[in-house]
Amino acid sequence: MTLPSTPELQPITESPEVIADYLKELNTAALVMSVVHMTGDTALLNALPTPRTLDVVAAGAEGGEDLLEGGYTAAQVAQVHHWTLSAIADWQARGCPLEPLTADTIQALYRFMCGADVDPEYLEFIDEEVALDGVDRRGLQFDDPELKARAAQFPVVVIGAGMGGVLAGIRLAEAGIPYTIIEKNPGVGGTWFENRYPGCRVDVPGHSYSYSFAPNHAWSSHFPLADEIRAYFDSCARRFEVTPHIRFSTEVVAAHYDEDTACWQVQVRDGQGEESVLSARAVISAVGQLNRPKMPEIPGLADFAGPVVHSGAWPEGLDLAGKRVAVIGSGASAFQIIPELAATALQLVALQRSPVWMFPNPGYHIEVGAGQRWALEKLPYYSKWYRFWLFYTSVEGVYNQTLVDPEWRSTRSVSASNDAMREALTAWIQSQIQDPDLLEKVLPTYPPFGKRILQDNGCYLEALQRDNVEVVTTGIRAVDAQGVLTEDGRHHAVDAIVCATGFHADRFLFPMQFTGRGGVQLNTQWAETNGRAYLGITVPNFPNLFCIYGPNTNLVVAGSIAHNAESQVHYILECIRLLLEDDLQSLECRQDVHDRYNERVDAVNAGTAWGSPLVDNWYKNASGRVTANLPFRIIDYWKMTRHADPDDFLLQ
């Protein structure tokens with residue numbers, strides 16, 4: 001199977017007047033790139049500054065409020081629109097040709113988008129991500145007949161049919177490797193299949209939250225809702241013929257590595273309770289980190305008379321309109337749930353343990369306009385450059401502001417730049433809250449990025465100020481049949497309890513039982529909650545076992561998890577290539593390589609805001625070690641996963 005290159009453009013039939021109106025919605029930097037593709041003329045690149053990200057600190061700087069997306073003035077944007085209208089008319093008159101760009105022109109495009117002093121290490125990175133030539137460089141195909149034959153005799157079991165599992169299936173099929181995906185749910189989507197609570201949506205731009213080889217130009221909003229994301233992954237599974245390889249409503253119970261046959265024996269249980277065993281040369285876990293809901297341990301919770309629901313297991317058809325509702329938690333899920341429930345509940349009690357920092361994002365709920373859809377489908381390479389702009393600005397965005405300055409002395413920030421961010425975010429929250437008592441409750445006192453920062457368009461804090469909503473920061477003592485008792489002795493009578501209390505994020509591959517070489521139990525090796533892997537992918541003592549979104553691969557401030565998944569699957573395929581090319585039986589990460597890498601991971605994580613002892617968060621396990629997050633820039637991780645070094649492994 002060969003994945004598609006850039007899809008053909010639809011013809012432009014709209015009038016100049018309509019196009020001029022459409023241009024008002026578009027990303028200026030991506031538009032400039034498209035004009036160069038139409039004209040072949042790079043002169044306009046010298047007439048404009050490099051686009052930049054407007055973070056909340058820059059937006060508050062003198063003159064910052066006058067700048068538009070990309071850091072351009074209104075006059076500069078108007079000039080780009082003038083160039084675009086002229087370029088489209090000329091391009092159409094010439095029959096819409098797209099001649100190959102010279103290497104110098106391509107370099108000029110890269111340097112305009114990223115800055116004239118862009119580090120050379122980025123050039124290959126950009127070349128692969130944008131793929132102007134339509135060549136997908138992240139897959140694996142064998143031309144040699146002998147390798148094809150070996151690939152066909154290398155069955156793989158993939159666990160999970162979410163983003164990572166579907167991607168693994170697509171890439172394995174492309175390489176001619178047979179596979180079976182085991183999915184515990186009755187449908188595709190993973191976390192987006194399971195999370196169906198009101199308001200559930202992704203908090204990175206949808207146009208970067210997709211496979212690079214299968215862009216989705218049909219998102220209805222810039223930050224799509226869960227149903228739409230689930231539909232996207234389902235459509236990809238069907239389009240690339242992954243669905244027939246999925247065994248739905250089936251769970252992996254256990255797996256053990258047979259050293260005599262160099263095969264994994266994977267025990268599965270279907271929805272009727274019937275068990276069977278699959279034999280595989282390799283196992284790829286794509287279960288992620290956020291797939292097993294974690295209920296709070298509150299005395300009496302089981303005695304509550306009304307419904308008790310977890311955000312990650314929302315019952316179909318649950319209607320809480322006109323009810324008295326308690327929401328436990330204030331993280332990402334609660335942040336989305338509370339405004340939805342507050343609009344219809346008789347009364348809502350938000351039981352908050354810790355407030356959250358939030359990025360101002362007026363476009364968080366904005367629908368994608370007709371102009372944006374038009375450009376994605378009809379302007380040459382606009383979609384690629386728009387995706388790259390979203391991706392690159394998040395890659396370079398605020399990473400340095402998360403790093404600890406050892407000389408900085410404050411409990412509310414970790415560096416001067418982090419403190420500038422704190423002041424800007426504080427001003428944003430203060431601008432929305434008039435009640436000083438509520439402001440004290442919702443304004444964090446820990447450093448920005450110490451916990452997950454959320455996207456805010458004002459609806460969350462607006463919801464907290466409704467007459468039917470109360471924010472309670474006193475700890476919960478117990479639950480009884482009628483409601484929640486807090487430590488101050490108050491009893492909050494409610495009809496339903498919503499637990500937005502997260503997942504067992506520190507229990508990787510839980511609750512499956514994996515037995516590796518020499519009878520080693522993975523849960524024992526990881527001490528239940530101390531998961532470690534080389535690159536988050538391979539684990540000593542467990543040959544031919546690979547993880548997607550494994551330990552220390554969660555992204556906090558940089559890039560899209562879709563890109564990271566592609567890097568991880570590419571690396572897994574590189575590992576399989578090592579096995580097939582030399583006709584080997586097993587590949588196992590060396591302990592010393594694994595240990596050196598994890599020492600570095602721990603050291604860098606400890607020097608970040610989320611690793612600071614000033615904060616507790618779901619990124620850490622009970623002993624305070626960060627087990628979830630990738631502490632490196634996404635380009636650094638991309639470089640680490642480009643090639644599998646045989647010296648990193650025990651090969652047999």
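If you're wondering where the values come from, they're calculated on a predicted model, not measured in any experiment.
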For atom CG of Asp270, decide whether the heavy atoms of other residues, nucleotides or ligands shown that lie under 6.0 angstrom number more than 12.
-> yes

Is the side chain of Asn629 donor-acceptor paired with the backbone N or O of Pro631 at a distance under 3.5 Å, no angle test?
-> no

Check: Leu555 and Val204 side chains under 4.5 Å, non-hydrogen atoms | no

Counting only heavy atoms not in Arg137, do more than 12 sit closer than 6.0 Å to its CZ atom?
-> yes

In terms of side-chain geometry, is the basic nitrogen of Glu528 or Arg507 positioned less than 4.0 Å from the acidic oxygen of its partner?
-> yes

Heavy-atom side-chain contact between Glu599 and Val601 under 4.5 Å | no

Might you point out which heavy atoms bring Val368 and Ser221 nearest each other, and give the distance in Å?
-> CG2-C, 3.5 Å

Nearest-0.5 Å distance that lies between atom CZ in Arg590 and atom CG in Asp645 | 9.0 Å

Compute whether any side-chain donor of one residue and acceptor of the other, for Arg625 and Asn552, lie under 3.5 angstrom apart.
-> yes

Under 3.5 Å, is there a donor-acceptor pair linking the side chains of Asn541 and Gln525?
-> yes

Hey, is Glu251 close enough to Arg269 for a salt bridge, meaning N to O under 4.0 Å?
-> no

Residues that Phe233 engages under ring-ring contact (aromatic ring centres under 6.0 Å, His included), provided they are two or more places apart | Tyr211

Test Arg196 against Glu316 for salt bridge (Lys or Arg N to Asp or Glu O under 4.0 Å), laying out the working first.
-> CA-CA 8 Å; Arg196 298 168 178 261; Glu316 186 174 353; over 6 Å; no

Does Phe546 have any ring-ring contact (aromatic ring centres under 6.0 Å, His included) partners at least two apart in sequence or in another chain, and if so, which?
-> none

Step-by-step salt bridge (Lys or Arg N to Asp or Glu O under 4.0 Å) determination, Glu183 to Arg247 | CA-CA 6 Å; Glu183 170 54 55; Arg247 295 174 68 166; over 6 Å; no

Check whether the ring centres of His256 and Phe514 lie less than 6.0 Å apart, and answer yes or no.
-> no

Please determine, by modelled atom types, if Gln568 and Thr641 share a side-chain donor-acceptor pair under 3.5 angstrom.
-> no

Provide the closest heavy-atom pair for Thr553 versus Gln289 in the form atom of the first, atom of the second, distance.
-> OG1-NE2, 3.7 Å

Tell me whether the centres of the aromatic rings in Phe240 and Phe213 are closer together than 6.0 Å.
-> yes

Relative to each other, are the rings of Trp385 and Phe388 parallel, tilted or perpendicular (30° and 60° limits)?
-> perpendicular

Salt-bridge contact Asp234-Arg238 (side-chain N to carboxylate O under 4.0 Å) | yes

Could you pull out the closest heavy-atom pair between Val626 and Gly611, with the gap in Å?
-> CG2-CA, 3.8 Å

Less than 4.5 Å apart, any side-chain heavy atom of Leu587 and any of Leu578?
-> yes

Taking all non-hydrogen atoms of both residues, which atom of Ser560 and which atom of Ser208 are closest, and how far apart?
-> OG-O, 3.0 Å

Below 4.5 Å, heavy atoms only, C-beta onward: do Val539 and Tyr534 meet side chain to side chain?
-> no

To the nearest 0.5 Å, atom OG of Ser235 lies from atom CG of Asn216 at 7.0 Å

Is a side-chain donor or acceptor of Tyr637 paired with a backbone partner of Ser567 at a separation under 3.5 angstrom?
-> no

Return the set of residues passing ring-ring contact (aromatic ring centres under 6.0 Å, His included) with Phe193 (not counting sequence neighbours), or none when no residue passes.
-> none

Which residues pass the side chain to side chain contact (heavy atoms under 4.5 Å, CB included) test with Glu194, sequence neighbours left out?
-> Lys184, Asn185, Asn291

So the ring pair (Phe, Tyr, Trp, His ring centres under 6.0 Å) pairs with at least one residue in residues 156-180 (sequence neighbours excluded) are Tyr179-His245

Hey, would you say the Tyr232 and Trp219 ring centroids sit under 6.0 Å apart?
-> yes

Is the CD atom of Glu146 crowded by more than 12 outside heavy atoms at less than 6.0 Å?
-> no

Indicate yes or no for a side-chain donor-acceptor contact from Lys384 to the backbone of Val130 under 3.5 Å, with no hydrogens or angles considered.
-> yes

Mind telling me whether Tyr209 and Trp192 have parallel, tilted or perpendicular rings, with 30° and 60° as the class edges?
-> perpendicular

N-O pairing of Arg452 and Asp203 below 4.0 Å = yes

Ignoring hydrogens and geometry, is there a side-chain-to-backbone donor-acceptor pair from Lys451 to Asp616 under 3.5 Å?
-> yes

Assess the side chains of Tyr549 and Asn554: does a donor N or O sit below 3.5 Å from an acceptor N or O?
-> yes

Between atom CZ of Arg281 and atom OG1 of Thr261, what is the distance when rounded to the nearest 0.5 Å?
-> 9.0 Å

Taking atom CD1 of Ile106 and atom CD1 of Ile126, what is their separation to the nearest 0.5 Å?
-> 11.5 Å

Does a sphere of radius 6.0 Å around CD in Gln591 hold more than 12 heavy atoms from other residues, nucleotides or ligands, not counting ones at 6.0 Å or beyond?
-> yes

Do Asn605 and Trp610 have side-chain atoms, one donor and one acceptor, less than 3.5 Å apart?
-> yes

For residues Asn544 and Ile576, determine if any side-chain heavy atom of one lies less than 4.5 Å from a side-chain heavy atom of the other.
-> no

Between atom CD of Gln336 and atom CZ of Phe223, what is the distance when rounded to the nearest 0.5 Å?
-> 11.5 Å

Steps toward salt bridge (Lys or Arg N to Asp or Glu O under 4.0 Å) verdict (Arg596, Asp592) = CA-CA 6 Å; Arg596 281 197 302 271; Asp592 60 327; 3.5 Å; yes

Salt bridge or not for Glu128 and Arg138, using N-O below 4.0 Å?
-> yes

Heavy-atom pair of closest approach, residues Val593 and Asp647 | CG2-O, 4.5 Å

N-O pairing of Arg171 and Asp136 below 4.0 Å = yes

From NE2 (His563) to CD (Glu129), nearest 0.5 Å | 4.5 Å

Exercise: identify the closest heavy-atom pair between Gly531 and Pro551 = O-CB, 3.5 Å

With sequence neighbours excluded, give me every ring pair (Phe, Tyr, Trp, His ring centres under 6.0 Å) pair touching residues 134-154.
-> none

